[in-house]
**Q** 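First the structure, which I've put down as structure tokens, then a few questions once you've had a look.
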Amino acid sequence: MAELAGDGAGMPRVVTILSSLLQRATDRNDAERLVSGGATWRVSAFHGLTKPSISLRAYLERIFKYAGCSTSCYVVAYIYLDRFAQRHPSIPFDSLNVHRFLITSVLLAVKFLDDLYYNNAYFAKVGGISLMEMNFLEVDLLFGLGFDLNVTPFTFTTYCSILQREMYLESPPPVLSKFHCLLSEEESSSCQQKQLIV
């Protein structure tokens, strides 16, 4: 999780990776909708009439900037979105609904994880929707998830690994051409003693 948190200087990596993942899924689903005509897709409360003018990355950065929630909330929000997608494959994330799904999943995650958080009115302003719509979307997502909000440590770690893998695919770590680890005999025996103690 430390790698996903970032370096503290700017946006956490989990925010940029999550926006990248969702953007790819949204682009893929938008293209599929154009080809198939969207005949098998259901319209949900999350669908807007037009595509929002703000990019997904800018939207997620806005949420991060103003929501004040922990970085773990973004991993849990991703888990909620994945659970919803698995339960409701006929409602894929596309450019008409992904922003609403995102603000709502972060809202649920912050309420479930963090001790202190802003109320729905504040989240509605951050998300650019009305309070009534925010409340309705929250209830709709809760029912869509079957109120399954608990995330086990194993599940959390699994999704962190998925996000880390995505991070490495986007910007692989530099490969060292030659790497030698030279320890003196004293350092080597000291390391072995520390391993025995642990």
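Excluded from the calculations below are hydrogen atoms, water molecules and symmetry mates; all remaining heavy atoms, backbone and side chain alike, are included.
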**Q** Near Phe136 CZ, under 6.0 Å, is it more than 12 heavy atoms from other residues, nucleotides or ligands?
**A**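 12 or below, so no.
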**Q** Name all residues meeting the side-chain hydrogen bond (donor to acceptor under 3.5 Å, both in side chains) criterion together with Ser19; count only those two or more places apart in sequence or in a different chain, and write none if there are none.
**A**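 By the side-chain hydrogen bond (donor to acceptor under 3.5 Å, both in side chains) rule, Ser19 matches no residue at all.
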**Q** Between Leu142 and Met132, is there shared hydrophobic-cluster membership here, with clusters defined by ILVMFWY side-chain heavy atoms closer than 4.5 Å?
**A**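 No, Leu142 does not connect to Met132 through the hydrophobic network.
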**Q** Can you name the closest pair of heavy atoms from Ala124 and Met134 and give their distance?
**A**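 That closest heavy-atom pairing would be CB-CB, 3.8 Å.
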**Q** Can you name the nearest heavy-atom pair linking Val98 to Phe93, along with the distance?
**A**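 That would be CG2-CB, 4.3 Å.
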**Q** Keeping to residues at least two apart or across chains, list the side-chain hydrogen bond (donor to acceptor under 3.5 Å, both in side chains) pairs with something in residues 125-134.
**A**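 Passing the test, one end in residues 125-134: Arg100-Glu133.
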**Q** Excluding sequence neighbours, so at least two apart, what forms side chain to side chain contact (heavy atoms under 4.5 Å, CB included) with Ala67?
**A**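 Only Ile63, Cys69, Phe123 meet the side chain to side chain contact (heavy atoms under 4.5 Å, CB included) criterion with Ala67.
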**Q** Salt bridge (charged side-chain N to carboxylate O under 4.0 Å, His left out): which pairs involve residues 54-77, sequence neighbours left out?
**A**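 Every pair satisfying salt bridge (charged side-chain N to carboxylate O under 4.0 Å, His left out) with a residue in residues 54-77: Arg57-Glu61.
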**Q** Backbone N or O of Asp30 within a donor-acceptor pair of the Asp27 side chain at under 3.5 Å?
**A**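 Side chain of Asp27 to backbone of Asp30, a donor-acceptor pair under 3.5 Å: no, none is there.
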**Q** Does His99 reach the main-chain N or O of Ile54 with its side chain, forming a donor-acceptor pair under 3.5 Å?
**A**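 Present.
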**Q** List the atom pairs, with distances to 0.1 Å, where a side-chain N or O of residues 145-154 and a protein N or O form a donor-acceptor pair under 3.5 Å, not counting sequence neighbours.
**A**
{"residue": "Thr152", "atom": "OG1", "partner": "Thr155", "partner atom": "N", "Å": "3.1"}
{"residue": "Thr152", "atom": "OG1", "partner": "Thr155", "partner atom": "OG1", "Å": "2.8"}

**Q** List the residues meeting side-chain hydrogen bond (donor to acceptor under 3.5 Å, both in side chains) with Asn119, not counting sequence neighbours, and say none if there are none.
**A**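 side-chain hydrogen bond (donor to acceptor under 3.5 Å, both in side chains) list for Asn119, sorted by chain: empty.
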**Q** To the nearest 0.5 Å, how far apart are CG in Leu60 and OG in Ser55?
**A**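 The OG atom of Ser55 is 9.5 Å from CG of Leu60, to the nearest 0.5 Å.
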**Q** Drop me the distance from Asn135's CG to Asn120's CG, to the nearest 0.5 angstrom.
**A**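 Reported to 0.5 Å precision, the distance equals 5.0 Å.
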**Q** Any side-chain heavy atom of Leu137 sitting closer than 4.5 Å to one from Ile129?
**A**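 When only atoms from C-beta onward are counted, Ile129 and Leu137 do touch, with a gap below 4.5 Å.
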**Q** Please enumerate all residues that pass ring-ring contact (aromatic ring centres under 6.0 Å, His included) together with Tyr117, with sequence neighbours excluded.
**A**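 Partners of Tyr117 by the ring-ring contact (aromatic ring centres under 6.0 Å, His included) criterion come out as none, since no residue qualifies.
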**Q** Going by salt bridge (charged side-chain N to carboxylate O under 4.0 Å, His left out), name the pairs with one or both residues in residues 102-117, residues two or more places apart or in two chains.
**A**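 Output for this query lists Lys111-Glu138.
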**Q** Apply ring-ring contact (aromatic ring centres under 6.0 Å, His included) to Tyr66 and list each qualifying residue two or more places apart in sequence or on a separate chain.
**A**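 Tyr66: no ring-ring contact (aromatic ring centres under 6.0 Å, His included) contacts found.
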**Q** Write down the atom of Ser105, the atom of Tyr80, and the distance for their closest heavy-atom approach.
**A**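 Where Ser105 meets Tyr80 most closely, the heavy atoms are O-CD1, 3.9 Å.
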**Q** If two hydrophobic side chains count as joined below 4.5 Å and joins carry through other members, does Val139 share a cluster with Leu102?
**A**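 Yes, because Val139 and Leu102 connect within a single hydrophobic cluster, where side-chain heavy atoms sit under 4.5 Å apart.
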**Q** Can you tell which of Leu21, Val106, Ile17, Val14 makes a side-chain contact (heavy atoms from CB on, under 4.5 Å) with Tyr78?
**A**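 In the set Leu21, Val106, Ile17, Val14, the residue that makes a side-chain contact (heavy atoms from CB on, under 4.5 Å) with Tyr78 is Leu21.
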**Q** Report the C-alpha distance between Val76 and Tyr159 in whole Å, list the side-chain angles of each, state the deciding distance to 0.1 Å, and finish with yes or no for side-chain contact (heavy atoms from CB on, under 4.5 Å).
**A** CA-CA 8 Å; Val76 172; Tyr159 277 83; over 6 Å; no
**Q** Residues two or more places apart in sequence or in another chain: which of them pass side-chain hydrogen bond (donor to acceptor under 3.5 Å, both in side chains) with Thr26?
**A**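 side-chain hydrogen bond (donor to acceptor under 3.5 Å, both in side chains) list for Thr26, sorted by chain: empty.
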**Q** Check salt bridge (charged side-chain N to carboxylate O under 4.0 Å, His left out) between Arg24 and all other residues, then give those that pass, not counting sequence neighbours.
**A**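 Checked Arg24 against salt bridge (charged side-chain N to carboxylate O under 4.0 Å, His left out); matches are Glu166.
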**Q** Of the non-hydrogen atoms in Ser95 and Pro52, which two are nearest, and what is the gap between them?
**A**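 Result for this residue pair: O-CD, 3.4 Å.
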**Q** Using only heavy-atom distances, determine whether the side chains of Asp94 and Asn29 contain a donor-acceptor pair under 3.5 Å.
**A**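 No.
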**Q** Search all heavy atoms of Leu96 against all heavy atoms of Thr50 and return the closest pair with its distance.
**A**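 Smallest interatomic distance, heavy atoms only, reads CD2-C, 3.5 Å.
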**Q** Considering residues at least two apart in sequence or located in another chain, which fulfil the ring-ring contact (aromatic ring centres under 6.0 Å, His included) criterion with Phe46?
**A**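 Partners of Phe46 under the ring-ring contact (aromatic ring centres under 6.0 Å, His included) test: Phe101.
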**Q** Given Tyr118 and Val110, is the side-chain contact (heavy atoms from CB on, under 4.5 Å) satisfied, shown in steps?
**A** CA-CA 9 Å; Tyr118 292 107; Val110 73; over 6 Å; no
